[in-house]
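These notes are about the structure you will find just below.
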Amino acid sequence: ALPIWVGEMEHRLFGSDVGRQGEQIRDLQEEVRKLRLELKQSEVDADQNRYLKNKISEDCDGLVKENSRLASQVGQLQRQIERERSFRSERDDRRSASIKELAQLRQKSKESDREAEKLGSALQYEQSRLKETLARLADRERRQSNSVRLGRDSTTNCASWKESIADKTKKTSFYDEIKFYWSTT
């Protein structure tokens, strides 16, 4: 578009008068120079814009890649955090269960101690009853042994008494005989 316009301008110059044409030529040359400068500036600006556009595109690509890498790391960290939370939760649950079990064992231990104390008391009571029973039994056996001995002695005394009665004369009274029997026993 610019060369066509320049051509049109040159054509106007040749068609007009020379004096005026010289002045118009200088004006047109100045305008062409300005237009060339503007064109060069536009080309430089376009090159700079392309460079900046490419730079921005590269920076965006780099940022997209960095964002993707960071998003991946964030995902990994979130999964790790979730695993650690799960581990802590399981550990806390196991700790709570252990504490609960320990409390139950302590309670059972206290109950067992109370039961053992009751059984110990009952055992002492039964042992004392057994001692008393054994003592009574020993006393009874001793008394029975004495009774048997006394019975033998009484039988022997009775036999002796009967003999003595038979041997004695009729002078002795029955009453004296009973006294004699009781005095020997």
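- Note that the CG atom of Asp139 and the CG atom of Leu134 stand 12.5 Å from one another [nearest 0.5 Å].
- To the nearest 0.5 angstrom, Lys118 atom NZ is 6.0 Å from Glu115 atom CD.
- No side-chain donor-acceptor contact under 3.5 Å links Ser72 to the backbone of Ser68.
- In this structure, a donor-acceptor pair under 3.5 Å is present between the side chains of Gln41 and Asp45.
- A donor-acceptor pair is defined here as one N or O able to donate and one able to accept, closer than 3.5 Å; no such pair exists between the side chain of Ser57 and the backbone of Lys53.
- Side-chain contact between Glu84 and Gln80: present, with at least one pair of heavy atoms (C-beta onward) separated by less than 4.5 Å.
- Residues Glu82 and Arg79 fail the side-chain proximity criterion, which asks for heavy atoms closer than 4.5 Å.
- Using a cut-off of 4.0 Å between Lys/Arg side-chain N and Asp/Glu carboxylate O, Arg88 and Asp92 are scored as not salt-bridged.
- To the nearest 0.5 Å, the span separating OG on Ser42 from NZ on Lys40 amounts to 12.5 Å.
- A donor-acceptor pair is defined here as one N or O able to donate and one able to accept, closer than 3.5 Å; such a pair exists between the side chain of Ser121 and the backbone of Glu117.
- In this structure, Ser109 contributes its side chain and Leu105 its backbone to no donor-acceptor pair below 3.5 Å.
- We find the OG1-CZ distance between Thr133 and Arg129 to be 6.0 Å, quoted to the nearest 0.5 Å.
- When the shell of 6.0 Å around CZ of Arg106 is examined, it contains 12 or fewer heavy atoms from other residues, nucleotides or ligands.
- Looking at heavy atoms from C-beta onward, Arg26 lies out of side-chain contact with Glu30 at the 4.5 angstrom threshold.
- Counting heavy atoms from C-beta outward, Leu130 and Glu126 have side chains that stay 4.5 Å or more apart.
- Exactly one residue among Arg136, Arg142, Gln144 makes a side-chain contact (heavy atoms from CB on, under 4.5 Å) with Arg140. That residue is Gln144.
- Distance check: Asn67 CG to Arg69 CZ gives 10.0 Å after rounding to the nearest 0.5 Å.
- For the atom pair CD (Glu43) and CD (Gln48), the distance works out to 12.5 Å, reported to the nearest 0.5 Å.
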